[in-house]
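Since the structure comes first, as structure tokens, the remarks are kept for the end.
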There are 2 protein chains.
Amino acid sequence: MNSQQSSIQGQLRRFEALCRDQGLPVTVQRRTVLETVLGRDDHPTADQIYEDVVARVAGISRTTVYRVLDMLVRFGMITKACHPGAMARFDGNTERHHHLVCLRCDRVIDLVDERLDALELPDTGHLDFEITDLRVQLYGVCANCRNEATASKPVTDETGAVLNPKKREKN
Amino acid sequence: MNSQQSSIQGQLRRFEALCRDQGLPVTVQRRTVLETVLGRDDHPTADQIYEDVVARVAGISRTTVYRVLDMLVRFGMITKACHPGAMARFDGNTERHHHLVCLRCDRVIDLVDERLDALELPDTGHLDFEITDLRVQLYGVCANCRNEATASKPVTDETGAVLNPKKREKN
DNA sequence: CTACCAGATGCAATAATATTTCATCTGGTA
DNA sequence: TACCAGATGAAATATTATTGCATCTGGTAG
């Protein structure tokens, strides 16, 4: 998609500016990890990102991917997604949006809904908590899982992507 | 708290009934794990639950705690909490409620808000997703972290509870 | 009360995910 | 081109989670 592409370019420039501000180098690895996360519309694990990135930067190490992801979160370029399951998940979409969470296969699907976006932030003064953003998690069962009531993990979606991957290659 | 106590008793009876329905035995381990999760008002990791449970059932294994937690989630007695960070978290509160998520220390605080509870479920017919429940995640910075801008992990709360524990004993 | 068995448990091994250490390399600059 | 702060890669280690199997237990029938 072209608007998607140009948005990624904009984000990259924003990232480079942030690095310059802090005197930190913009490396091939950092650029590639960021591009990769922004280029996905799901909520990949660190390992899924590694798989994508290693195809573009031969020899990049898993360690670096973990480190860069952590850095990008601190910079606010991406977020950690709240996700059932044990692995950390990342989300390149920092716009306000919401999540459909399948209780059967743990899949998380993005949802854009203006009414939810317009939600007024509740008053949490008594808890002394400063709210900056809000997302709604909608729990239920996705089409896949409803169709095959007997489905057990692991599950793949219609594109063949593994939704709850279990194995990875050697380090 | 007494109402809390009796609610836990009720949940235990509900669990026993579920087991009987399915011909599954109600073991000391299962009862204790369930009691322990229900008795907490935070979102413990499997290991935190293990620590609590082992004090009451000497010799219980970590493996069993993992297995029981998984079973309780399948039975709907507890839920997996969406939580930033790498470890699976559990939530004994199955009533509709919402979460304040601190972006600094990853702490998750429960929030009850009638206006949020009353949210109408959005129409997701076009996505073929069947919604059964909804929770709102409110992102921000908790009082602790706002007070000590220099705080770095690990962090403990005012009660001394470790919010992002790092170590555990031998297996 | 005892025997019985499906299923649960504990233990040890293993897998999967994540972090640390440190020698080496690179981006950015003079 | 040389320099250096900081990034990277590799290996070791730590942490979290699962699996296989021998043994034990809850629930029940006799």
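Lettering of chains follows the sequences in order, A, B, ..., and the numbering in each one begins at 1.
Here A:Thr27 reaches the OP1 or OP2 of D:dT8: one of its side-chain N or O atoms lies under 4.0 Å away. Put simply, B:Tyr66 has a side-chain N or O that comes within less than 4.0 Å of OP1 or OP2 on D:dA17. Between B:Thr64 and C:dG10 there is a side-chain N or O to OP1 or OP2 distance below 4.0 Å. At C:dG27, none of the side-chain N or O atoms of A:Gln29 fall inside 4.0 Å of OP1 or OP2 (strictly under the cut-off). For C:dA8, the OP1/OP2 oxygens have a side-chain nitrogen or oxygen of B:Arg30 closer than 4.0 Å.
A:Thr63 comes within contact range of at least one nucleobase, with a heavy-atom separation under 4.0 Å.
No donor-acceptor distance shorter than 3.5 angstrom exists from the side chain of B:Gln22 to the backbone of B:Cys19, with no hydrogens or angles considered. A donor-acceptor pair under 3.5 Å is formed between the side chain of A:Thr132 and the backbone N or O of B:Tyr139.
Going from atom CZ of B:Phe90 over to atom CG of B:Asp70 covers 7.5 Å, rounded to the nearest 0.5 Å. The CD atom of B:Gln137 sits 11.0 Å away from atom CG of A:Asp133, with the distance rounded to the nearest 0.5 Å. Put simply, CG on A:Leu72 and CD on A:Gln11 are 10.5 Å apart, with the number rounded to the nearest 0.5 Å.
A ring-centre distance under 6.0 Å is not found for B:His83 and B:His99.
Relative to the side chain of A:Val68, the nucleotides C:dT20, C:dA12, D:dT8 differ in distance, and D:dT8 lies closest. For A:Pro25, whose side chain is taken as the heavy atoms from C-beta onward, the closest listed nucleotide among C:dT19, C:dT9, D:dA7 is D:dA7. Of the candidates D:dG9, D:dG20, D:dA17, D:dA17 carries the atom nearest the B:Ala46 side chain, counting heavy atoms from C-beta on.
C:dA30 is paired with D:dT1 under the criterion used here, namely a Watson-Crick or G-U wobble arrangement in which both key atom distances are under 3.5 Å. With a cut-off of 3.5 Å on both pairing distances, the Watson-Crick or G-U wobble partner of C:dC5 is D:dG26.
What separates CG of B:Asp47 from P of D:dA17 is a distance of 8 Å, to the nearest Å. If you measure from atom CD1 of A:Ile49 to atom C1' of C:dT17, you get 14 Å, rounded to the nearest angstrom. Taking atom CZ of residue B:Arg89 and atom P of nucleotide D:dT16, one finds them 10 Å apart after rounding to whole Å. Regarding B:Asp70, its CG atom lies at a distance of 15 Å from the C1' atom of C:dT9, rounded to whole Å. Distance B:Leu18 CG to D:dG26 P: 20 Å, rounded to the nearest Å. When the P atom of D:dT16 is taken as reference, atom CZ of B:Phe90 falls 13 Å away, rounded to whole Å. To the nearest angstrom, C1' of C:dA8 lies 13 Å from CZ of B:Phe75. Atom CZ of A:Arg31 is separated from atom P of C:dT26 by 15 Å (rounded to the nearest Å).
The 5' end of DNA chain D is approached more closely, in terms of each residue's nearest nucleotide, by A:Val57 than by the other of B:Val28 and A:Val57. Summary of the strand contacts: B:Gln22 and B:Arg67 both lie near DNA chain C, and taking for each the nucleotide with the nearest heavy atom, the more 5' one is attributed to B:Gln22.
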